[in-house]
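See below for the structure under consideration.
Source: prediction; values computed, not measured.
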Amino acid sequence: MYTKEYKLNQNRAPIYEALQTFREMRVVPFDVPGHKHGRGNPELTAFLGEQCVGIDVNSMKPLDNLCHPVSVIREAELLAADAFGAAHAFLMVGGTTSSVQSMVLSTCKRGDKIILPRNVHRSVINALVLCGAVPVYVNPEVDHRLGISLGMRREQVAKAIAENPDAVAVLVNNPTYYGICSDLRAVVKMAHDAGMYCLADEAHGTHLYFGENMPVSAMEAGADMAAVSMHKSGGSLTQSSLLLIGPRVSAGHVRQIINLTQTTSGSYLLMSSLDISRRNLALRGKDVFAKVISMAEYARDEINAVGGYYAFGRELVNGNSVYDFDPTKLSVHTRDIGLAGIEVYDILRDEYDIQIEFGDIGNILAYLSMGDRPQELERLVSALAEIRRRYQTDSSGLLSQEYIDPEVVTSPQEAFYASKKSIPIRESAGCVCSEFVMCYPPGIPILAPGERITPDILDYIEYARIKGCSMTGPEDPEIQYINVLC
């Protein structure tokens, strides 16, 4: 990672500054929200605090308007673009889901093809349901020991582009939940050479823009758009995000797309948290993430010394399907001690009061960022050692793979809106699914609308449910029934 030289004064936080001024003005509110600076809802004020509720305000001239920013929000966007090396940045208050969907909706329309890996977050496929674009999946390789999907190989992307020269965009995960990175520079070049946009789902990559010895960020690699989840590793409030664009994309057009779905009542709590967090990253991110990497490397070594577990890292890098690895990710393979990742996840929470990010059928992920401390990592390592001692068992009979290649029959939009019927899920093999089924987190669909249901997929769903994965997506909350095409 190169040392950044900012063009703008990154000590500024214009939305925060404007809210501070507003607080001092003692304005009498005859507008929304109805709690009137918290006075009308004392229980809420007692719970969240007067300072917080007092700045939960509506758009007004001194505070600008998220839908059409001309002053302090506009300044905050310019500062964010400067900090992240983008041509423009948009403050997003609908989570990175809204950022991802805005990327797809800005570049794709009904019938357009978009090249992407199948192990995308459901927000990507949701966007295809909305706009009617058709996915061309590059099925990722799988690490058979870990059972996780890897990045897109260069040859796979080149083949997909050659076979689909009419595609309009290529989308890349950068990085995946597990820290796996594709060769982003190469993918960008291939896309641009073919006249396509390159989009990056960077929900788990905010820190790539500020740390050293990190994988390349999307904007540095020349991508056209990137959805950046500031609340994950950037320190802002949950549901706040950024959408970054490069010089090949029209900011005005993207703003129009965003305004199709994003609220007209943007939360100033979320926007100010983006503003303050961007400033913190620009001023201190390099040192902050150096410490995060150091903690992650220490934890990896300690967990591997326990035995039975495998906390994987840069040794997975192979120059292609694992072009690089995000060193802040603390992903741990658990299957060798005879426990699914979700079982270790539950034990850590229920018996040790340790909440990690997620567990799947073979791995757990402890999400490390700026708020973590070494003593808490010691507690995690000790708990994992004790879990191994107490619960280790024979690993035979455990499923080993979390990714199953889909058979796509029709587009997500056509399947989602088609005539459908509800049938018992165990009787659905051979049918075409019209809804989503996934474990959340990570939110990567096991089944998406338009895909054929197979016995292997049904076995996986049943296994994940038995092991305790939180299953979401279908209309039937018990997932005893599933909607299929008539």
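If you check the side chains of His207 and Thr328, you find a donor sitting under 3.5 Å from an acceptor. With 3.5 Å as the limit, one finds a donor-acceptor pair spanning the side chains of Glu202 and Tyr209. No side-chain N or O of Ser369 forms a donor-acceptor pair with one of Asp372 less than 3.5 Å apart. For the residue pair Asn9 / Asn11, a side-chain donor-acceptor distance below 3.5 Å is found, with atom types taken as modelled. Side-chain polar atoms of Gln480 and Arg426 form no donor-acceptor pair below 3.5 angstrom. One side chain, Lys113 or Asn164, offers a donor N or O that lies under 3.5 Å from an acceptor on the other. A side-chain donor from one of Ser241 and Thr96 sits under 3.5 Å from a side-chain acceptor of the other.
In this view, Asp456 satisfies the side-chain hydrogen bond (donor to acceptor under 3.5 Å, both in side chains) rule with no residue, not counting sequence neighbours. Considering only residues two or more places apart in sequence or on other chains, Glu478 meets the salt bridge (charged side-chain N to carboxylate O under 4.0 Å, His left out) condition with none of them.
The heavy-atom pair separating Pro69 from Arg255 by the smallest distance is CG-NH2, 3.3 Å. Residues Ile258 and Ser102 share a closest heavy-atom pair of CG1-OG, 3.6 Å. Closest approach of Ile479 to Thr472, counting heavy atoms only: CD1-N, 4.3 Å. The two residues Glu75 and Arg12 make their nearest non-hydrogen contact at OE1-NH2, 3.4 Å. Taking both residues in full, the closest heavy atoms of Met438 and Gly473 are given as CE-CA, 4.5 Å, listed atom of the first, atom of the second, then distance. For the pair Met370 and Asn280, the tightest heavy-atom approach, listed with the atom from each and the gap, is SD-ND2, 4.0 Å.
Between Pro406 and Asn139 there is a side-chain heavy-atom pair separated by less than 4.5 Å. Proximity of Leu128 to Ser411: side-chain heavy atoms (C-beta onward) are nowhere separated by under 4.5 Å. Contact check for Ser236 versus Leu270: no side-chain heavy atoms found under the 4.5 Å cut-off. Put simply, the side chain of Thr206 reaches to within 4.5 Å of the side chain of Leu281, judged on heavy atoms. By the 4.5 Å heavy-atom criterion applied to side chains, Leu208 and Val216 are not counted as neighbours. For the pair His204/Ser233, no side-chain contact is recorded, criterion being any heavy-atom separation below 4.5 Å from C-beta on. By the 4.5 Å heavy-atom criterion applied to side chains, Met471 and Ile461 are counted as neighbours. Contact annotation: the side chain of Ile356 never approaches that of Val344 to less than 4.5 Å [non-hydrogen atoms, C-beta and beyond].
Checking Ile125, Val129, Asn126 one by one against Phe416, the side-chain contact (heavy atoms from CB on, under 4.5 Å) holds for a single residue, Val129. Only one option out of Val124, Leu130, Ile257 pairs with Gln101 in a side-chain contact (heavy atoms from CB on, under 4.5 Å); it is Leu130.
Looking at Glu163 and Lys159, a side-chain N of the basic residue comes within less than 4.0 Å of a carboxylate O on the acidic one, giving a salt bridge. Ion pairing between Glu462 and Lys467 fails under the 4.0 Å rule for side-chain N and carboxylate O. With salt bridges taken as basic N to acidic carboxylate O contacts below 4.0 Å, one links Arg118 and Glu451.
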For the pair Glu357 and Tyr345, evaluate side chain to side chain donor-acceptor pair (under 3.5 Å) and give the outcome as yes or no after the intermediate values. CA-CA 8 Å; Glu357 177 67 9; Tyr345 170 99; over 6 Å; no
Can you list the steps and then say if Lys109 with Asp112 is a salt bridge (charged side-chain N to carboxylate O under 4.0 Å, His left out)? CA-CA 6 Å; Lys109 63 183 184 301; Asp112 283 345; 3.5 Å; yes
What's the verdict on side-chain contact (heavy atoms from CB on, under 4.5 Å) for Leu269 and Leu237, showing C-alpha distance, side-chain angles and the deciding distance? CA-CA 8 Å; Leu269 297 174; Leu237 291 179; 4.3 Å; yes
Yes or no on salt bridge (charged side-chain N to carboxylate O under 4.0 Å, His left out) for Lys7 and Asp82, after CA distance, side-chain angles and deciding distance? CA-CA 7 Å; Lys7 298 176 182 177; Asp82 181 47; over 6 Å; no
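Side chain of Gln156 to backbone of Val138: no donor-acceptor contact under 3.5 angstrom is found. A donor-acceptor contact shorter than 3.5 Å is absent between the side chain of Ser428 and the backbone of Pro424. Between the side chain of Thr176 and the backbone N or O of Ile180, at least one donor-acceptor pair lies under 3.5 Å. Between the side chain of Asp64 and the backbone N or O of Val70, at least one donor-acceptor pair lies under 3.5 Å. A donor-acceptor pair is defined here as one N or O able to donate and one able to accept, closer than 3.5 Å; such a pair exists between the side chain of Thr334 and the backbone of Gly341. Looking at His253, its side chain does come within 3.5 Å of a backbone N or O of Ser106 through a donor-acceptor pair. The closest donor-acceptor contact from the side chain of Gln262 to the backbone of Val93 lies under 3.5 Å. Here the side chain of Glu427 pairs no donor or acceptor atom with the backbone of Ile425 at under 3.5 angstrom. Within the 3.5 Å criterion, the main-chain N or O of Ile15 finds a donor-acceptor partner in the side chain of Asp275. No side-chain donor-acceptor contact under 3.5 Å links Ser294 to the backbone of Lys291.
Within a 6.0 Å radius of OH in Tyr323, other residues, nucleotides and ligands contribute 12 heavy atoms or fewer. Counting heavy atoms of neighbouring residues, nucleotides and ligands inside a 6.0 Å radius, atom OH of Tyr367 exceeds 12 of them.
In this structure, CD1 in Ile444 is found 7.0 Å from CG in Asn173, a value given to the nearest 0.5 Å. Atom CZ of residue Arg314 and atom CZ of residue Phe325 lie 8.5 Å apart, to the nearest 0.5 angstrom. Separation of atoms CE (Met225) and CG (Asp201) is listed at 12.5 Å; rounding is to 0.5 Å. Here the straight-line distance linking atom CE of Met92 with atom OG of Ser229 works out to 11.5 Å at 0.5 Å rounding. The SG atom of Cys108 sits 10.0 Å away from the CE atom of Met103 when rounded to the nearest 0.5 Å. The OH atom of Tyr310 lies 10.0 Å from the CZ atom of Arg300; values are rounded to the nearest 0.5 Å.
Annotation: His88 is in aromatic contact with Phe90 [ring centroid separation under 6.0 Å]. Ring centroid separation for the pair Phe210 and Phe289 does not come in under the 6.0 Å cut-off. Between Phe358 and Tyr177, the ring centre distance stays below 6.0 Å.
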Return all side-chain donor-acceptor pairs below 3.5 angstrom for residues 184-196, not counting sequence neighbours, or 'none' if the list is empty.
{"from": "Lys189", "atom 1": "NZ", "to": "Asp193", "atom 2": "OD2", "distance (Å)": "2.7"}
{"from": "His192", "atom 1": "NE2", "to": "Asp224", "atom 2": "OD1", "distance (Å)": "3.3"}
{"from": "His192", "atom 1": "NE2", "to": "Asp224", "atom 2": "OD2", "distance (Å)": "2.8"}
{"from": "His192", "atom 1": "NE2", "to": "Arg248", "atom 2": "NE", "distance (Å)": "3.4"}

